[in-house]
2 protein chains.
Amino acid sequence: MRGKADSDLVRRQNRHIVLEALRLHGPMPRVELGRITGLSPASITTIANQLIDDKAMRELNEAPDRSDPNRRGRPTVRVELNPDAALAIATKISIDGVDLALVNFAGKIIARKNTLIATYEVQPDAFGKALANIMRDFFDENSLKSGDVAHIGIAAQGVTHSQKGTIAWSPAFRATNIPVVEPVERETGVTCSIANDANMIAEGVMSADRYSYTGTAAVVFMGYGVGMGLVIDGKVYHGATGAAAEFGHMNHIPEGALCRCGRLGCLEAYASDYGILRFAKNLAEQTPPPSHAVPRHIMVDLENAARQGQANAVAAYQNAGRAIGFGLARMIALLNPDRIVLAGPGTRALDLIEPALRAAIDEGVVEELRRQVKIETVPIDTDMIIKGTIDATLRYLDLNIFASGPMRNLAEQKEPQQ
Amino acid sequence: MRGKADSDLVRRQNRHIVLEALRLHGPMPRVELGRITGLSPASITTIANQLIDDKAMRELNEAPDRSDPNRRGRPTVRVELNPDAALAIATKISIDGVDLALVNFAGKIIARKNTLIATYEVQPDAFGKALANIMRDFFDENSLKSGDVAHIGIAAQGVTHSQKGTIAWSPAFRATNIPVVEPVERETGVTCSIANDANMIAEGVMSADRYSYTGTAAVVFMGYGVGMGLVIDGKVYHGATGAAAEFGHMNHIPEGALCRCGRLGCLEAYASDYGILRFAKNLAEQTPPPSHAVPRHIMVDLENAARQGQANAVAAYQNAGRAIGFGLARMIALLNPDRIVLAGPGTRALDLIEPALRAAIDEGVVEELRRQVKIETVPIDTDMIIKGTIDATLRYLDLNIFASGPMRNLAEQKEPQQ
DNA sequence: TAATTTAATTTGGCGTCCAAAATAATGTTG
DNA sequence: CAACATTATTTTGGACGCCAAATTAAATTA
């Protein structure tokens with residue numbers, strides 16, 4: 001049951017949709033903010049001026065637009081998100097290391113830092129310490145103090161536990177239950193949150209094209225692993241512990257191929273880089289996966305071999321397509337989504353994968369359910385995870401800081417102990 | 001993006017939570033309504049008196065409670081939902097026929113009617129006509145006129161299309177895309193909606209114990225078929241077309257056993273009554289399922305045989321448990337739910353099914369994901385579908401009629417054409 | 001009967017929204 | 001160039017919903 005409503009809720013909600021409109025559509029005049037949000041001009045005036053007072057927005061100082069010769073009347077004054085309203089840090093933890101991006105409130109990346117860490121053998125506490133050091137260096141390099149950064153968002157490969165702030169299990173680590181949020185918060189004094197990387201890809205894909213993500217959508221990541229981000233009713237779905245949509249470790253065939261997670265028959269064991277490679281090399285299904293990512297050039301070579309008709313390679317991609325297709329068929333039966341988006345480096349080989357994928361969906365689910373699902377592909381972009389993390393973190397600031405009122409509310413944020 | 005907020009939203013929301021509190025906890029004094037909803041006594045006075053004006057609520061006329069001898073002060077006056085506020089009809093369409101229940105606003109069943117129809121061979125339009133006739137008879141038998149009934153809710157087995165108001169596909173019909181809502185609305189003049197029967201079971205289970213359904217839960221129905229109702233973020237999830245959670249037709253084994261839906265390897269082909277029976281009889285996996293439900297006594301006999309150690313029967317239930325377990329493991333990987341509830345007549349045999357079911361979950365999903373899932377069983381109750389449909393329909397009335405304000409708003413309900 | 005206790009209502013004020021009127025800043029026209 | 005037209009934004013005044021505090025109501029206790 002949703003809670004009670006009062007004028008506080010109204011103010012938060014309406015300020016939030018104003019900020020959201022600006023984030024989605026960029027600078028625009030107040031009239032248009034009114035059109036988009038459905039708020040009256042009078043309310044827009046009030047809200048805009050408050051947000052400007054709070055430094056969340058600002059007026060653009062530009063010459064009137066003369067491009068339309070038929071334009072009459074008082075010229076519009078466009079407003080935009082104030083880039084200097086706040087800073088945030090987006091973080092990606094993967095098998096390759098730690099990737100950091102410092103962004104301003106308008107979403108512009110101000111600084112980046114990429115640190116290689118041999119994550120696989122590291123001890124849980126040592127990793128927290130290493131991450132804290134990286135973060136501190138990043139603060140120092142950019143002359144940041146604790147109060148300068150409003151939030152730190154972290155995306156990690158594997159099963160993340162958002163409440164506990166840990167990585168419960170990840171292919172990048174041999175260890176489990178690695179504390180992440182706590183060491184970062186202690187070192188920096190900045191609030192921090194962690195989420196699954198595939199969910200962050202979904203955030204990014206959704207932010208880029210939000211108007212069309214009103215219902216349910218699944219964003220599939222194909223590459224060194226297989227992941228999924230679920231958008232349910234227009235919001236990224238995180239599940240009970242923040243570990244939803246572990247599509248790659250959804251079982252495909254009971255007692256099937258050995259997965260990096262140690263279990264048998266996971267989808268990833270058939271459709272990830274190493275799964276495809278293992279099949280193409282004619283290795284037994286039980287052959288242990290490598291502990292490191294398969295180098296890109298090896299996969300590219302394999303794709304080319306398949307395109308030239310090398311039988312094992314062709315079969316490997318068909319096998320992968322079939323696995324993903326059945327996984328999607330199962331997902332469709334459960335969730336009846338509006339659309340499916342395929343993303344990640346694995347989509348390079350989509351021509352090799354797609355026929356088997358579509359055949360498997362047809363085979364695996366009632367026609368009535370799959371008929372209306374749109375399947376799309378998103379351009380390959382290795383930075384999708386960091387972009388999505390930025391989007392999610394900024395949305396967090398919009399809602400939790402700026403929509404609530406002036407900055408002073410930050411102190412009152414905590415639950416009153418009643 | 002959620003829309004703007006205004007005082008209208010506040011009023012609707014708060015009236016709704018007041019009605020919801022009464023529906024969940026029964027009659028209570030105003031003070032307690034305030035405690036439960038978080039609204040101030042002043043606001044409760046206002047809202048309660050308006051709802052009483054609108055005939056949605058009424059004061060109980062009872063002698064003061066003397067049970068607590070230490071009780072001081074002005075005695076409480078309890079308020080309750082007004083049973084006469086509205087009437088609604090809940091409808092169940094299944095392979096057995098059509099089941100109707102007339103309920104008052106307080107949820108009491110006033111009349112029932114059960115009509116057998118040989119659904120399987122019927123033509124789509126003929127079914128609509130037959131249903132309309134049944135409905136008209138029900139109106140006549142209870143001296144109801146069009147305006148007397150506020151809404152008709154329908155639950156049907158199979159894939160329902162809530163927007164179109166049709167049954168897209170159902171094991172109860174050979175035909176597909178059967179119009180249901182339109183013929184009923186035309187005959188009765190009452191608004192009508194349709195949903196999947198498993199979703200209605202979830203509504204019922206949730207209503208009975210709502211405080212504990214805050215996150216994500218899956219209610220599995222086992223019996224003549226296998227179904228699932230998903231509760232996501234405290235609300236029953238319906239998917240893009242109203243056909244979500246077709247758990248029974250989620251693929252279990254590619255190219256596996258023949259399902260009633262004509263596809264191979266659906267979970268239902270292993271775990272429904274007929275699937276279990278087919279396995280126990282040692283019939284080939286491709287043996288066509290019967291077009292009618294398996295009589296109860298046959299299943300009971302089979303359970304007893306298994307309990308006495310008859311090998312085929314034991315194996316059949318293990319096989320079913322394994323299928324459901326893997327299906328749940330896949331669902332857990334995708335949705336990371338808080339709880340799973342097993343329901344339906346199939347739970348009679350839970351002792352036979354559960355070990356294999358739990359083993360399959362353990363085998364099929366990472367420990368980090370399944371650790372916190374609670375698995376529960378709900379008492380067998382053949383009327384769960386109709387009960388859930390009643391709950392869902394009354395909740396619809398709460399939100400769409402009584403929370404919005406006085407009845408006159410019913411006329412203004414339609415979208416203004418802007 | 002007066003004091004105490006608890007429930008419910010009334011009063012007065014606050015915050016947000018909106019419609020309508022007013023103001024601002026430009027282009028058009030005679 | 002002055003008056004008019006047009007479009008954007010702000011101001012004004014009123015409505016509605018919430019709440020805290022004061023008040024009233026209806027019992028029990030002393």
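To find a chain, count down the sequence lines: A is the first, B the second, and so on, and within it residues start at 1. Scope of the values below: all heavy atoms of this structure, side chains included, with no hydrogens, waters or symmetry mates.
Taking only distance into account, the side chain of B:Arg74 meets the base of C:dA7 through a donor-acceptor pair shorter than 3.5 Å.
Close to D:dC19, at under 4.0 Å from its OP1 or OP2, lies a side-chain N or O of B:Ser43. Under 4.0 angstrom from either OP1 or OP2 of C:dA7 there lies no side-chain N or O belonging to B:Arg30. Phosphate contact (OP1/OP2 of D:dC19, side-chain N/O of B:Ser40, threshold under 4.0 Å): present. Close to D:dT10, at under 4.0 Å from its OP1 or OP2, lies a side-chain N or O of A:Thr45.
One can place CE of A:Met28 at 16 Å from C1' of D:dA8, the figure rounded to the nearest angstrom. Rounding to whole angstrom units, CD of residue A:Glu32 and C1' of D:dT9 are separated by 15 Å. Taking atom CZ of residue A:Arg78 and atom C1' of nucleotide D:dA8, one finds them 15 Å apart after rounding to whole Å. Note: CZ (B:Arg11) to C1' (C:dC18) measures 15 Å, nearest angstrom. A:Glu59 has its CD atom 12 Å from the C1' atom of D:dA8, to the nearest Å. In this structure, B:Leu39 atom CG and C:dA8 atom P are separated by 15 Å, rounded to whole Å. Protein atom NZ of B:Lys4 is 10 Å distant from nucleotide atom P of C:dC17, rounded to whole Å. Between A:Ile44 atom CD1 and C:dT16 atom P the separation is 14 Å, expressed in whole Å.
Heavy atoms of A:Ala5 sit under 4.0 angstrom from primed sugar atoms or phosphate atoms, though from no base atom. Here A:Ile47 lies in heavy-atom contact (under 4.0 Å) with sugar-phosphate atoms only. Across all strands shown, B:Thr76 has heavy atoms under 4.0 Å from sugar-phosphate atoms exclusively, and none from any base. Heavy atoms of B:Asn49 sit under 4.0 angstrom from primed sugar atoms or phosphate atoms, though from no base atom. Base contact: B:Pro41 has a heavy atom under 4.0 Å from a base atom.
Under a cut-off of 6.0 angstrom, the local environment of CG in A:Asp53 is crowded, with over 12 non-hydrogen atoms contributed by other residues, nucleotides or ligands.
Side-chain N or O atoms of B:Glu185 include none that pairs as donor or acceptor with a backbone N or O of B:Ser193 at under 3.5 Å. A:Asp6 contributes a side-chain N or O that, together with a main-chain N or O of A:Leu9, makes up a donor-acceptor pair within less than 3.5 Å. Looking only at distances, a side-chain donor or acceptor of B:Asn104 sits under 3.5 Å from a matching main-chain atom of B:Ala106. Judged by distance alone, with hydrogens and angles left aside, the side-chain atoms of A:Thr188 form no donor-acceptor pair with the main-chain N or O of A:Ser146 at under 3.5 Å. A donor-acceptor distance shorter than 3.5 angstrom exists from the side chain of A:Arg15 to the backbone of A:Phe402, with no hydrogens or angles considered.
Mapping A:Pro75 and A:Ser7 onto DNA chain D by nearest heavy atom places A:Pro75 at the nucleotide closer to the 5' end.
Taken to the nearest 0.5 Å, the CD1 atom of B:Ile17 stands 5.0 Å off from the OG1 atom of B:Thr37.
For B:Asn14, whose side chain is taken as the heavy atoms from C-beta onward, the closest listed nucleotide among D:dG17, D:dT10, C:dG15 is D:dG17. Comparing C:dT26, C:dT16, D:dT11 by their closest approach to the side chain of A:Ala42 singles out D:dT11.
Annotation for B:Lys55 and B:Asn82: closest pair O-ND2, 2.9 Å, computed over non-hydrogen atoms.
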Nucleotide N/O of nucleotides 27-30 of chain C paired with protein N/O under 3.5 Å:
unit_1: C:dG27; atom_1: OP1; unit_2: A:Arg66; atom_2: NE; d: 3.3

